[in-house]
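Contents: one structure, followed by commentary.
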Amino acid sequence: MRDITLQVRGSKGYDPVTGAISFPIYQSATFRHPALHQSTGYDYSRVKNPTREELENSVAALERGSRCWAFSSGMAGIGALLKLFRTGDHILLSEDLYGGTVRICNAIYSKFGISFEYVDTSDIEVVKASIKNNTKAIFVETPSNPMMLVSDIAAISELAHAHQALLIVDNTFLSPHFQKPLTLGADIVIHSGTKYLCGHNDVVAGLVIVKDIPPVIDELDLIYKSEGASLGPFDSWLMLRSIKTLALRVERQEQNALLLASWLKTLSTVTDVYYVGLKDHPSYELTLKQTTGFGGMISFKVKSAKIAAEALGKLKLVYFAESLGGVETLLTYPIEQTHAEAPKELLARVGVDDRLLRLSVGIEDVEDLKEDLEQALAE
Ligand SMILES: *Cc1c(COP(=O)(O)O)cnc(C)c1O
């Protein structure tokens, strides 16, 4: 089955018992056993639930992974992944990274003796020079949040594997519709399912997808059932429903984003536009090589912090809100929202400042979006 069909149909698709073509919501915590040592395959929903299983199998297929676990948030998924590591391990991460990922590493997992180092993973020489004997994983976000830097997944996976380290890719920004890191050599993919996979700003969820690496799969199974941050049946169903329109949504978002990115450049108050679909983006060629699309995320800088701050209050159609990937266009102020708690030194290094705005482009009529942004960004 081709991707778009797979998105619409899901893994099993319909309910084999009733023929229902909307996969049922198995809103049950526990499952009856016919007799001792007999099970339908489902015992208790923290461990396995049929609706969640359909979501997990569908996303595993879309990412070309062998297993997937659906979590109650993207951060719960990242937390589970970090538990694969132990005292003395070193993890290399992209320096331009979702703020919550920096926080969970620095504020929580560093307490257990894991060391985290943030480097420019868009520069393969820097990655090469930063790997140590105890480096057990490289965690990459590409395109990165919010500066839209692109890392070469295939090249980094070669480096990682030469050192017996795992390559983990946060694929939230492009979704499996545009980028499949496992096919490029990554071992693990993480998603904030809250974003493009859900796509309607109404569910918080996370997904972890792993290649056929039995020891990693066994350990994640153990972590998942022991910790219990599993996604509920109703939210799993909402995501299954959302994924049916993934291609339609993300392709429309990309179409709008391409128009907006080049248009933003023409505004007198805009000084820089960061969008991987612009031909002058430093990684345009690499993007063409490793993805099948540019996605709908644009960051840009305006002339002054005053213009940025005032724009947020002047918006009429676009929402000033955190998050991304939904059908509604959102404008975010990274320095005060997604990246408020990231170390100042790190933000300065990557260029996140008080003139930077991040736009998650929705599926509205692009002319309405232009009109609203034009008035909001006017001096
Ligand atoms: C939102 C986000 C996360 C965290 O996911 P939640 O679902 O909010 O817990 C992780 N990575 C990226 C790139 C994100 O945008």
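Read the numbers this way: they start at 1 and go in the same order the structure lists the ligands and their atoms.
Under the 4.0 angstrom criterion for non-hydrogen atoms, A205 is in contact with ligand 1.
Inclusion of G74 in the set of residues having an N or O under 3.5 Å from an N or O of ligand 1 is warranted. Between D170 and ligand 1, at least one N/O pair is under 3.5 Å apart.
The closest side-chain donor-acceptor pair between D96 and S94, if any, does not fall under 3.5 angstrom. A side-chain N or O of N106 and one of Y118 form a donor-acceptor pair less than 3.5 Å apart. Between the side chains of R9 and T5, no donor-acceptor pair is found at a separation under 3.5 Å.
Near M75, meaning under 4.0 Å from any of its heavy atoms, are these atoms of ligand 1: 4 (C), 5 (O), 6 (P), 9 (O).
Looking from atom 1 (C) of ligand 1 to the surrounding protein, the closest heavy atom is K195 NZ, 1.4 Å. The protein heavy atom nearest to atom 7 (O) of ligand 1 is T194 OG1, 2.6 Å. Considering only non-hydrogen protein atoms, atom 4 (C) of ligand 1 sits nearest to Y98 CE2, 3.4 Å.
The part of L324 lying near ligand 1 is the side chain, judged by heavy-atom distances below 4.0 Å.
Residue Y319 qualifies as open at atom OH: its count of foreign heavy atoms under 6.0 Å is 12 or below.
Residues D170 and K195 are not paired through a salt bridge, judged by the lack of any N-O separation under 4.0 Å between the basic side chain and the carboxylate.
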Full working for side-chain contact (heavy atoms from CB on, under 4.5 Å) between E328 and N201: CA-CA 8 Å; E328 299 92 356; N201 292 318; 2.7 Å; yes
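Considering P143, G193, S192, C198 only, the shortest heavy-atom separation from atom 5 (O) of ligand 1 involves S192.
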